[in-house]
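Written out below as structure tokens is the structure these notes cover.
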Amino acid sequence: MSFSFNFDVQSQGEECPKSDIQKKEEEAKPDNTAKTETICVLKTKQALEHKPPVDSESLFENSVTETLTVGSLPPLHYLNECVFERTAGEREDDEQILSWTKDRNTDLISGVYEGGLKIWECTYDLLEHMDDEGETFLGKSVLDLGCGAGLLGILAFRRGARRIDFQDYNSTVIEQLTVPNVLLNCEEDSDEEGKNGNPSPKKRTLDETQPLSITRCNFFSGDWSSFLSLILSKEPVHKYDIIFTSETIYNTEYYPSLHNVFQKLLADDGIVYLASKSHYFGVGGGLHLFQTFVEQKDVFQMKCLKDIEQGLKRHVVSLKFKKTKSET
Ligand SMILES: C[S@@+](CC[C@H](N)C(=O)[O-])C[C@H]1O[C@@H](n2cnc3c(N)ncnc32)[C@H](O)[C@@H]1O
């Protein structure tokens, strides 16, 4: 598996798949010059809620399923990303990101495709950290923010979380990758049975009252501001006990909307687990810039949980609401 990444910050005059809002703006512009500017400036995508399809068979056509095992965590199943290279033309892809990323061999096109079709390195770091920490997730409400393949949310799902919401910028990622991956994890693995049919220690960590049913999961696409408005529009407003977010702080432009999601949607005693590289070459963001941003906002206490020194430096951190004086 390759961990290299190619950022493609949109250059002038190139044609690329566009978000609905970008398309609308272009229609209103009379000439091509304005069109190019619009593509470069706007990075918004209207939030949508996605329901899993009734007939999901076509999602798995010509696919190869992989299984990831980390320590004592339940095995996590997912589609090998090479399926999109072979079947891009046959899949639903209004955003055209499957064919675009295949042809351009790019990991990220800022504001168009935010990288969700591959599993990024820090997801593995965060899974390892969750294994070390032994979080059970029982009865918790979890958000996998910028989920891509959704392995962090799927871990919470397999471990008995009460509600798991998945959000990705791209609707194609949600429909073609996240939803199929959750479906692949809806059956218990036979190797979780212990000897004589008794539950193994692994299986006992699952909440027996929570069936592995996709009805516990919700799926959203769209940019973070729009996603936040959508969640806040539902009464009663839902707050999350745990927010996972891996490799989502590469672009400093998105820090205000990301921070706003944390601030508005995290439960008072909730926790954000964030995993990131120290620095993202090519786009400029990274953990230290985000930490400065968080300190300036003065809402969250950020704590380092794990540093990984091999290869590009990576980190796992947590964010919790700062306590007011009366609470301490
Ligand atoms: C590099 S991918 C990481 C995917 C996954 N978390 C992983 O670690 O494999 C970054 C993710 O952040 C999300 N993202 C980035 N910027 C966003 C924005 N402004 N609004 C909404 N989502 C965004 C995208 O959905 C994308 O999947």
Side-chain angles (χ1 to χ4, degrees), residues 1-10 19 21-22 41-48 50 66 68 70 76 78-79 81 95 97 101 106-130 142-156 165-178 181 219-231 243-262 265 272-277 280-286 290 308 312 314-316:
M1 184 177 302
S2 154
F3 291 135
S4 66
F5 47 91
N6 307 311
F7 292 106
D8 197 342
V9 180
Q10 204 59 58
S19 70
I21 291 177
Q22 285 166 336
V41 171
L42 273 176
K43 287 172 182 166
T44 55
K45 190 181 275 289
Q46 189 63 46
L48 292 174
H50 300 256
E66 307 276 356
L68 175 71
V70 177
L76 305 176
Y78 62 97
L79 287 184
E81 66 202 54
E95 298 171 312
I97 62 168
T101 50
T106 182
D107 289 336
L108 204 153
I109 309 168
S110 182
V112 177
Y113 163 57
E114 293 289 349
L117 289 173
K118 73 169 212 172
I119 301 172
W120 292 63
E121 215 171 351
C122 292
T123 281
Y124 302 104
D125 298 334
L126 201 33
L127 286 170
E128 276 173 20
H129 178 76
M130 296 323 289
V142 178
L143 171 63
D144 188 344
L145 191 68
C147 62
L151 295 187
L152 296 161
I154 289 170
L155 169 66
D165 287 3
F166 295 85
Q167 175 279 338
D168 196 90
Y169 187 84
N170 291 103
S171 55
T172 301
V173 171
I174 289 289
E175 288 174 357
Q176 299 291 332
L177 184 62
T178 323
N181 283 351
F219 301 91
F220 302 92
S221 64
D223 74 80
W224 288 320
S225 300
S226 179
F227 165 70
L228 177 60
S229 305
L230 181 61
I231 297 289
I243 298 180
F244 282 127
T245 195
S246 159
E247 306 243 16
T248 50
I249 57 168
Y250 47 83
N251 191 334
T252 55
E253 280 181 38
Y254 302 153
Y255 290 2
S257 57
L258 180 63
H259 191 278
N260 219 11
V261 172
F262 296 163
L265 296 185
V272 176
Y273 289 103
L274 180 150
S276 168
K277 300 201 170 78
Y280 289 88
F281 298 97
V283 266
F290 188 68
I308 300 105
L312 284 175
R314 308 186 304 279
H315 312 270
V316 176

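Here the structure is a predicted model, which means the values were calculated and not measured. Just so you know, ligand 1 is whichever comes first in the structure, and atom 1 is the first atom listed for that ligand.
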Protein heavy-atom partner closest to [atom] - residue, atom, separation in Å:
{"atom": "atom 9 (O) of ligand 1", "value": "W120 N, 2.8 Å"}
{"atom": "atom 15 (C) of ligand 1", "value": "Y250 OH, 3.1 Å"}
{"atom": "atom 12 (O) of ligand 1", "value": "T248 CG2, 3.3 Å"}
{"atom": "atom 14 (N) of ligand 1", "value": "W224 CZ2, 3.4 Å"}

Taking the side chain as everything from C-beta on, heavy atoms only, tell me whether [X] gets closer than 4.5 Å to [Y].
{"X": "I174", "Y": "C147", "result": "yes"}
{"X": "C122", "Y": "K277", "result": "yes"}
{"X": "Y254", "Y": "S110", "result": "yes"}
{"X": "L108", "Y": "E114", "result": "yes"}
{"X": "T248", "Y": "L145", "result": "no"}
{"X": "F244", "Y": "L143", "result": "no"}

Decide yes or no on side chain to side chain donor-acceptor pair (under 3.5 Å) for S171 and H50, but give the supporting numbers first.
-> CA-CA 8 Å; S171 55; H50 300 256; 5.1 Å; no
What part of Y254, side chain, backbone, both or neither, has a heavy atom within less than 4.0 angstrom of ligand 1?
-> side chain
Under-4.0 Å heavy-atom contact with ligand 1, by part of C147 that carries it | backbone
Polar-atom distance check: N170 versus ligand 1, any N or O pair below 3.5 Å?
-> no
N/O separation below 3.5 Å, S246 to ligand 1 = yes
Selection from E121, E114, K45 by shortest heavy-atom distance to atom 26 (C) of ligand 1 = E114
Considering G111, S110, G146, which one's heavy-atom position lies nearest to atom 6 (N) of ligand 1?
-> G146
What atoms in ligand 1 come closer than 4.0 Å to a heavy atom of [X]?
{"X": "T123", "value": "7 (C), 8 (O), 9 (O)"}
{"X": "I119", "value": "9 (O)"}
{"X": "D223", "value": "20 (N), 21 (C)"}
{"X": "G116", "value": "27 (O)"}
{"X": "K118", "value": "9 (O)"}
{"X": "G115", "value": "2 (S)"}
{"X": "D168", "value": "24 (C), 25 (O), 26 (C), 27 (O)"}
{"X": "G222", "value": "21 (C)"}

With a 4.0 Å cut-off on heavy atoms, does E253 reach ligand 1?
-> no
So how far is it from [X] [atom1] to [Y] [atom2], rounded to the nearest 0.5 Å?
{"X": "Y169", "Y": "W224", "atom1": "OH", "atom2": "CH2", "result": "10.5 Å"}
{"X": "N260", "Y": "Y255", "atom1": "CG", "atom2": "OH", "result": "16.0 Å"}
{"X": "L126", "Y": "E121", "atom1": "CG", "atom2": "CD", "result": "13.0 Å"}
{"X": "T172", "Y": "L117", "atom1": "OG1", "atom2": "CG", "result": "7.5 Å"}
{"X": "D223", "Y": "Q167", "atom1": "CG", "atom2": "CD", "result": "8.5 Å"}

